[in-house]
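The block underneath contains the structure these notes are about, expressed in structure tokens.
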Amino acid sequence: MKIATWNVNSLRVRLPHLLAWLDTEKPDIVALQETKTVDEDFPLGEIHAAGYQTVFSGQKSYNGVALLSRLTPTGVTRDIANLDDAQRRLLAANYDGLRVINLYVPNGASVGSEKYAYKMSWLEKISAWIQQQLSTHEHLIVLGDFNIAPEDRDVHDPAAWQGQVLVSDAERAAFTRLRNLGLHDCFRLFEQPADVFSWWDYRAGAFRRNQGLRIDHILVSPALRALCTSCRIDTTPRKLERPSDHAPVVAEFTVK
DNA sequence: ATGGCGCGCGCAGCGCGA
């Protein structure tokens, strides 16, 4: 089973890239973030024609998450108790015995800002819910755009980014707390080349210079960790005309 | 060099992303 996460930065604009990528990679489940599409405008026809079922939680202009799958989703969650968030950043579904949680973690703007406080509060509330989900789902996968580069090796220039949003100590501590619940970063289960990133700024030729951050992640429960056989970041779609600024992260599992 | 680019909205130029 192949599972991926991709922040597409507008589903309607990126639909040709997504459809081409689905055709090439043939993933079983794909978590999308920043669809920026209200549910009425979700491109159901094209995605169904590609062989995927869908669940989504969108809003006008901003945010928005979706799950595409070969299997039929059940147990769909769009809101959780105590989060009370109008921003569409969370979507979970079951596929047979697998529980998939798709997250679009807030960006945080800058350390100390109101948006940063919202990000930290959001992470705290989500973590409590994920802890609960871990206790009821043996095969749990939490993936998405976390907007956190966990370690300095996930940053092209750690000195320049020191203390900034996406790499600050408090954000990294929140990510560590999530992992300490019993979640494993699939990417780091395997030997990886240096300087592999999942996001590059559109400006200043950042992708060409590989000046990126690894902020998109696939985390798994212990039972799934044992079944994970690979994890990589696919930079192919980032090279296309008018790309998303994020690249997909792809993990494979020896399950059904 | 606090800009650079790309998106949505909506028709100018701003808010937002990371």
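Proteins come first, then strands; the chains are lettered A, B, ... in the order of their sequence lines, and each starts at number 1.
At whole-Å resolution of the value, CD in A:Gln211 and P in B:dC5 are 14 Å apart. Atom NZ in A:Lys60 sits roughly 15 Å away from atom C1' in B:dC7 (whole-Å rounding). Computed from coordinates, the A:Trp200 CH2 to B:dG4 C1' distance equals 19 Å when rounded to whole Å. Separating the CZ atom of A:Arg209 from the P atom of B:dC5 is a distance of 12 Å, rounded to the nearest angstrom.
Along DNA chain B, the nucleotide closest to A:Ala204 and the one closest to A:Thr35 are compared, and the more 5′ of them pairs with A:Ala204.
With its glycosidic angle more than 90° from 0, B:dG6 adopts the anti conformation.
The pair A:Arg88-A:Asp79 counts as a salt bridge, with a side-chain nitrogen and a carboxylate oxygen less than 4.0 angstrom apart.
Using a 4.0 Å cut-off, no side-chain N or O of A:Arg14 falls inside it from OP1 or OP2 of B:dG6.
For the strand DNA chain B, secondary-structure stems (runs of at least three Watson-Crick or G-U pairs, all distances below 3.5 Å) span B:5-9 with B:13-17.
The same atom, C1', is picked in B:dA1 and in B:dA12; the two are 27 Å apart, to the nearest Å. Comparing the P positions of B:dG13 and B:dT2 gives an interatomic distance of 23 Å, to the nearest angstrom. For B:dC16 and B:dG10, the P atoms lie 15 Å apart once the distance is rounded to whole Å. For the P atom pair drawn from B:dG15 and B:dC11, the interatomic distance equals 16 Å after rounding to whole Å.
The shortest side-chain heavy-atom distance between A:Tyr116 and A:Glu171 falls under the 4.5 Å cut-off.
Here A:Phe146 pairs with A:Phe175, A:His217 under the ring-ring contact (aromatic ring centres under 6.0 Å, His included) rule; sequence neighbours left out. Remark: A:Tyr52 pairs with no residue by the ring-ring contact (aromatic ring centres under 6.0 Å, His included) rule, at least two apart or across chains.
The ring-ring contact (aromatic ring centres under 6.0 Å, His included) contacts involving residues 62-91 of chain A comprise nothing, where partners must be two or more places apart or lie in separate chains. Sequence neighbours left out, not one pair with a member in residues 38-50 of chain A passes side chain to side chain donor-acceptor pair (under 3.5 Å). Sorted by first and then second residue, the pairs that involve residues 13-38 of chain A and meet ring-ring contact (aromatic ring centres under 6.0 Å, His included), not counting sequence neighbours, are A:Trp6-A:Trp21. Residues in residues 209-225 of chain A take part in these salt bridge (Lys or Arg N to Asp or Glu O under 4.0 Å) pairs, two or more places apart or across chains: A:Asp154-A:Arg214, A:Asp185-A:Arg214.
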Donor-acceptor contacts under 3.5 Å from residues 201-208 of chain A side chains, at least two apart:
unit_1: A:Asp201; atom_1: OD1; unit_2: A:Arg203; atom_2: N; d: 2.8
unit_1: A:Asp201; atom_1: OD1; unit_2: A:Arg203; atom_2: NE; d: 2.9
unit_1: A:Asp201; atom_1: OD2; unit_2: A:Arg203; atom_2: NE; d: 3.4
unit_1: A:Asp201; atom_1: OD2; unit_2: A:Arg203; atom_2: NH2; d: 2.8
unit_1: A:Tyr202; atom_1: OH; unit_2: A:Asn9; atom_2: ND2; d: 3.1
unit_1: A:Tyr202; atom_1: OH; unit_2: A:Pro243; atom_2: O; d: 2.8
unit_1: A:Tyr202; atom_1: OH; unit_2: A:Asp245; atom_2: N; d: 3.1

Quick tally for nucleotides 11-18 of chain B: nucleotides whose base has a protein heavy atom under 4.0 Å get B, sugar-phosphate-only ones S, the rest -, giving -----SBB
